[in-house]
Amino acid sequence: MNEIDRIKALRSELHAHNHRYYVENNPIISDQEFDILMHELQDLEARHPELYDANSPTQRVGSDLSQEFRQVAHKYPMLSLANTYNRQDVEDFYNRVKNGLNGEAFEVCCEMKYDGLSISLTYEDGRLVRAVTRGDGVKGDDVTANVRTIRCIPLELSGNTVSGKPYPREFEIRGEVLLPFDSFNRLNAEREADGEPLFANPRNAASGTLKLQSSAEVARRGLDAYLYYLLTDENESKPAQQLDLFTFAEPEDSLPSTHFDRLEAAKSWGFKISKGMKLCKTLQDIYDYIDCWDKERKNLPVATDGIVLKVNSLRQQKSLGFTAKSPRWAIAYKFKAERACTRLDEVTYQVGRTGAITPVANMQPVLLAGTVVKRASLYNADAISQLGLHIGDYVYVEKGGEIIPKIVGIDIDQRPIISQPVQFIKHCPECGTPLVRYEGEAAHYCPNDTGCPPQIKGRIEHFISRKAMNIDSLGPETVEDYYNHGLIKNIADLYRIQVQDINGDGSREKSAVKIVNSIEASKQMPFERVVFAIGIRFVGETSAKQLARHFKSMEALESATKEQLLEVDGIGEVMAQSIINYFSNPANVEIVNRLKSFGLQMQLSEDALAAHSDKLEGKVIVISGVFAQHSRDEYKQIIETNGGKNASSISKNTAFVLAGDNMGPAKLEKAEKLGVPIISEEEFLQMIE
């Protein structure tokens with residue numbers, strides 16, 4: 001066998017071994033034997049660079065080269081499922097399906113609801129060509145290079161037939177990317193040893209991992225994936241009938257006509273499918289499935305947070321259709337939060353970016369929903385008082401939505417005879433400044449925003465964030481390092497950084513240049529981003545836009561009186577006073593002046609001023625549905641640019657509903673009931689010219 005043929009044979013063999021190991025959990029060779037074959041393939045590929053293939057098993061290790069994620073539009077929108085938390089809702093769903101099908105018999109496919117990051121995989125001629133995150137449902141991030149490192153995802157399909165018929169030339173399959181508990185615990189142990197902040201839960205860790213710029217690091221962390229939905233519009237026998245979400249195949253097509261059988265087909269091609277799938281014919285069958293997995297899920301190697309119920313027949317799915325946000329033929333049943341009891345050892349206090357003080361319960365470690373929990377937020381002084389906490393109490397801990405640990409109760413019978421109630425602190429644990437509590441606020445704050453280290457670092461992290469100045473080459477760890485080494489003491493110091501300051505021994509020049517260039521590029525961020533980025537307490541992204549449009553320059557905002565601030569839509573007493581306090585502090589004024597001297601945008605640009613109009617002045621507008629010419633976020637921006645105000649729900653104050661395709665039936669009903677006009681996309685664009 002010549003070397004070229006040997007490369008092809010090794011690739012095929014290693015793909016098969018990967019599938020046996022990571023999907024079937026049934027390896028037939030040892031790790032050492034696998035490594036020998038892999039090394040042989042690596043050597044042969046090095047001698048034949050002309051045969052490079054991104055889907056080769058050797059590419060599973062990823063690359064250390066940084067990559068930028070580009071946005072890719074989904075061929076079919078990635079809709080979310082309606083959630084339910086009790087059996088009555090499940091029964092209501094079952095009856096809605098029965099009524100929608102006019103009493104026709106139907107099956108429900110029950111599957112595990114994995115708690116990870118949604119992913120869409122596209123295959124052409126049996127090869128993975130693209131992997132995209134959910135994003136906003138219309139478009140997502142292209143993370144193909146990172147997904148190729150996930151061993152259970154086939155790069156080339158192992159089979160090519162179902163019932164003697166070929167799989168589609170092009171199709172999409174969707175699923176969930178997860179970080180198994182073993183990988184999660186190993187990763188957090190490494191981060192703790194390195195003094196890095198720990199991931200809160202496997203889902204956050206999986207999400208952060210999939211967005212890493214180094215696919216080599218993604219490969220090292222050990223992600224997993226389960227696939228649960230097959231989509232295609234290929235139909236070799238006749239033209240495809242394309243719907244909003246996917247095409248329903250007719251019986252004579254190459255694909256089966258039920259969801260369950262399609263997933264079985266996908267399994268035969270090499271995809272990792274949930275082994276817990278079951279077809280249920282009655283409501284009691286569904287309840288039995290829920291009861292079984294509410295217990296058994298604790299033995300799974302990955303996080304789950306519920307059950308997904310789907311009508312099995314694709315023809316019946318088509319008949320039932322969709323709402324604006326979710327299919328009518330599917331629903332997610334969420335498990336009740338798992339509860340554990342453990343001892344409260346002490347309460348410590350954290351200082352956030354805005355100076356808000358968060359009490360944290362430090363407890364004896366306890367296993368909860370697949371992870372070891374040692375800490376839980378106590379939110380504020382009122383929450384501590386309502387619980388009546390004492391040090392040494394045995395407390396009940398739950399994970400809200402299987403994510404955030406919280407204390408939900410106390411076992412008074414186990415309280416020590418001698419114990420002290422938890423007393424909320426009166427001074428900042430970082431800088432010693434007396435705490436304040438603003439009227440109407442539940443939290444206590446440290447008012448020393450220019451001298452308290454966590455606040456300074458938090459404000460810098462906020463300043464560089466994506467929705468602020470978008471200096472994406474920096475992160476919290478880098479900010480911490482720069483601050484500890486005295487390189488930056490406030491946000492303005494970022495613009496003094498030179499390549500030689502962060503180049504170390506000369507080995508980091510490439511990354512140093514990228515950071516400096518990214519900081520320089522941020523000077524072009526528009527004025528409203530600057531208003532948001534400087535970190536005025538209580539001023540969020542939306543209110544920053546309102547302030548920028550109203551005052552048009554930082555100078556005008558800085559000199560505004562409280563009465564002038566209250567004239568701005570959405571600015572109340574607390575926020576107005578916070579803005580006054582911010583600009584009353586000489587340290588803040590100096591920082592703003594330095595930013596101005598570095599060339600940041602301190603007023604609305606001529607283009608922005610020209611684009612603004614009052615055509616929608618005073619109008620409250622609700623957006624619903626899917627649009628053809630602009631995304632929902634773009635329409636929100638257009639509404640704000642023209643003086644309008646976005647709202648999420650319809651009320652008597654709503655001027656009109658901007659409606660695209662598949663407008664939600666609930667919104668439609670409420671608009672008609674209140675007499676609120678419904679405006680199409682075309683009518684709206686004509687309205688604002």
Side-chain angles (χ1 to χ4, degrees), residues 78-115 118 174 176 226 228-229 243-246 248 257-263 273-300 303-339 369 398-403 408 649 662-670 673:
M78 289 189 76
L79 304 181
S80 57
L81 293 179
N83 288 330
T84 178
Y85 297 88
N86 58 67
R87 293 185 177 227
Q88 183 59 52
D89 288 343
V90 172
E91 182 179 351
D92 292 344
F93 163 74
Y94 189 86
N95 289 332
R96 283 197 304 273
V97 170
K98 182 188 293 185
N99 293 334
L101 296 175
N102 297 318
E104 180 184 354
F106 63 95
E107 294 178 317
V108 174
C109 183
C110 295
E111 311 162 23
M112 298 306 302
K113 184 177 183 299
Y114 294 103
D115 192 19
S118 296
R174 291 176 177 174
E176 209 82 0
Y226 286 84
Y228 53 67
Y229 208 67
L243 301 177
D244 289 330
L245 187 59
F246 65 95
F248 296 86
S257 60
T258 66
H259 170 71
F260 184 91
D261 289 339
R262 280 193 168 196
L263 288 188
I273 307 297
S274 171
K275 295 180 180 178
M277 276 198 314
K278 182 180 180 181
L279 286 178
C280 295
K281 297 181 182 296
T282 68
L283 188 59
Q284 187 58 49
D285 289 344
I286 296 173
Y287 290 157
D288 291 344
Y289 184 90
I290 290 173
D291 290 340
C292 171
W293 282 105
D294 196 10
K295 299 175 182 177
E296 287 301 317
R297 68 191 177 100
K298 298 169 186 176
N299 299 319
L300 293 173
T304 59
D305 59 355
I307 300 292
V308 176
L309 314 175
K310 299 173 185 171
V311 172
N312 190 38
S313 165
L314 302 188
R315 177 185 58 79
Q316 291 177 334
Q317 287 183 11
K318 175 183 176 182
S319 175
L320 292 165
F322 303 84
T323 69
K325 293 183 179 179
S326 58
R328 292 190 177 93
W329 42 264
I331 196 169
Y333 172 85
K334 303 293 283 292
F335 291 127
K336 291 181 180 178
E338 189 178 337
R339 175 180 289 198
E398 289 183 357
K399 276 194 173 183
E402 302 290 342
I403 295 177
V408 295
S649 59
N662 297 320
M663 178 182 173
K667 280 191 169 69
L668 177 60
E669 181 181 350
K670 190 166 186 180
K673 182 179 179 180

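These values consider heavy atoms only, across backbone and side chains, with no hydrogens, waters or symmetry-generated copies. The first residue in the sequence is number 1, and the count goes up from there.
Ser118 and Tyr228 make their closest contact through OG-OH, 3.9 Å (heavy atoms, listed as atom of the first residue, atom of the second, distance).
The NZ atom of Lys98 sits 8.0 Å away from atom CG of Leu283, with the distance rounded to the nearest 0.5 Å. Atom CD1 in Ile286 sits 10.5 Å away from atom NZ in Lys278 (nearest 0.5 Å). Distance check: Lys298 NZ to Glu296 CD gives 10.0 Å after rounding to the nearest 0.5 Å. Atoms CD1 and CZ, on Ile290 and Phe335 in that order, are 7.5 Å from each other to the nearest 0.5 Å. For the atom pair Asn83 CG and Asp305 CG, the distance stands at 8.0 Å (nearest 0.5 Å). Distance check: Leu81 CG to Ile331 CD1 gives 8.5 Å after rounding to the nearest 0.5 Å.
For Phe106 and Tyr94, the gap between ring centers is short of 6.0 Å.
Side-chain atoms of Tyr289 never come within 3.5 Å of backbone atoms of Cys109 as a donor-acceptor pair (strictly under, hydrogens ignored). Judged purely by atom type and a 3.5 angstrom limit, Tyr287 uses its side chain to pair as donor or acceptor with the backbone of Arg87. Side-chain N or O atoms of Gln316 include one that pairs as donor or acceptor with a backbone N or O of Ala105 at under 3.5 Å. Within the 3.5 Å criterion, the main-chain N or O of Thr282 finds a donor-acceptor partner in the side chain of Asp285.
The only option from Arg262, Gln317, Glu107 that meets the side-chain hydrogen bond (donor to acceptor under 3.5 Å, both in side chains) definition with Asn312 turns out to be Glu107.
Side-chain contact, Asn95 with Asp92: no donor N or O sits under 3.5 Å from an acceptor N or O.
Environment of CD in Glu91: crowded, with over 12 heavy atoms of neighbouring residues, nucleotides or ligands closer than 6.0 Å.
Between Pro327 and Leu320, the closest side-chain pair of non-hydrogen atoms is not below 4.5 Å. Looking at heavy atoms from C-beta onward, Lys310 lies in side-chain contact with Glu111 at the 4.5 angstrom threshold. Counting heavy atoms from C-beta outward, Trp329 and Ser313 have side chains that stay 4.5 Å or more apart.
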